[in-house]
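Presented below is the structure to which this report refers.
Whatever order the structure lists them in is the order used to number ligands and atoms, beginning at 1.
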Amino acid sequence: MATVTIADDNRTFATEAEITSLLASHGIDYQRWQPAHAVADDAPAEEVLRAYANEIEQLKQRGGYVTADVIDVDPNTEGLDAMLAKFNREHWHDEDEVRFIIAGHGLFHIHTTAGPVLAIAVEAGDLIRVPRGTLHWFNLCADRRIRAIRLFKDPAGWTPHYTASGVDGDFQPLCFGASYIPASAQ
Ligand SMILES: [Fe+2]
């Protein structure tokens, strides 16, 4: 289950209904897909895509996406820091950013047009759809692990455009609160 925090006024949203409604008011879709299918989180990508074929198909029809893949990073991923450095500064894409989390954790900061920055910590079972053009940045959490289904209209469109605003520097990349420790580290 995701957690959404608005640092500006110290508010946290932790129920599915609250999160769905808050994010929808900023044009962001949020859904829970779990426990929809019994597929191991380390199953081969083809198996994961097959298990969620119906959900993927519905998203494709709604958003015009044509391809889906599975991104898989962990602390041993080669070039991980360089990869993360591309996305931890405020940017936007010409395509929607659509992610369904299979394993691990991630932290999206969304800089809304209305003003506040939303910190959205996601974990397995969370679907997030960030419309193209939305200002945002992304960090991994303490486990430095994320596995997610991604959907694209055109993978070439999924290139970051940077704002160089520096606003990302005002927010700590804290996932699920400062006290959060992933189970694997306990
Ligand atoms: Fe992005």
Stepwise side-chain contact (heavy atoms from CB on, under 4.5 Å) test for F100 and Q31: CA-CA 9 Å; F100 172 68; Q31 291 173 10; over 6 Å; no
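No single ILVMFWY cluster, assembled from side-chain heavy atoms under 4.5 Å apart, contains both L107 and L23.
With sequence neighbours left out, H111 forms a ring pair (Phe, Tyr, Trp, His ring centres under 6.0 Å) with no residue at all.
For H136 and H91, the ring centers sit closer than 6.0 Å to each other. Taking the six-membered ring for Trp, F152 and Y65 have ring centres at least 6.0 Å apart.
When V70, L127, I102 are each tested for a side-chain contact (heavy atoms from CB on, under 4.5 Å) with Y52, only one passes: I102.
Around the Fe ion (ligand 1), the protein atoms of type N, O or S found under 2.8 Å away are H91 NE2, H93 NE2, E97 OE1, H136 NE2, listed by chain and number.
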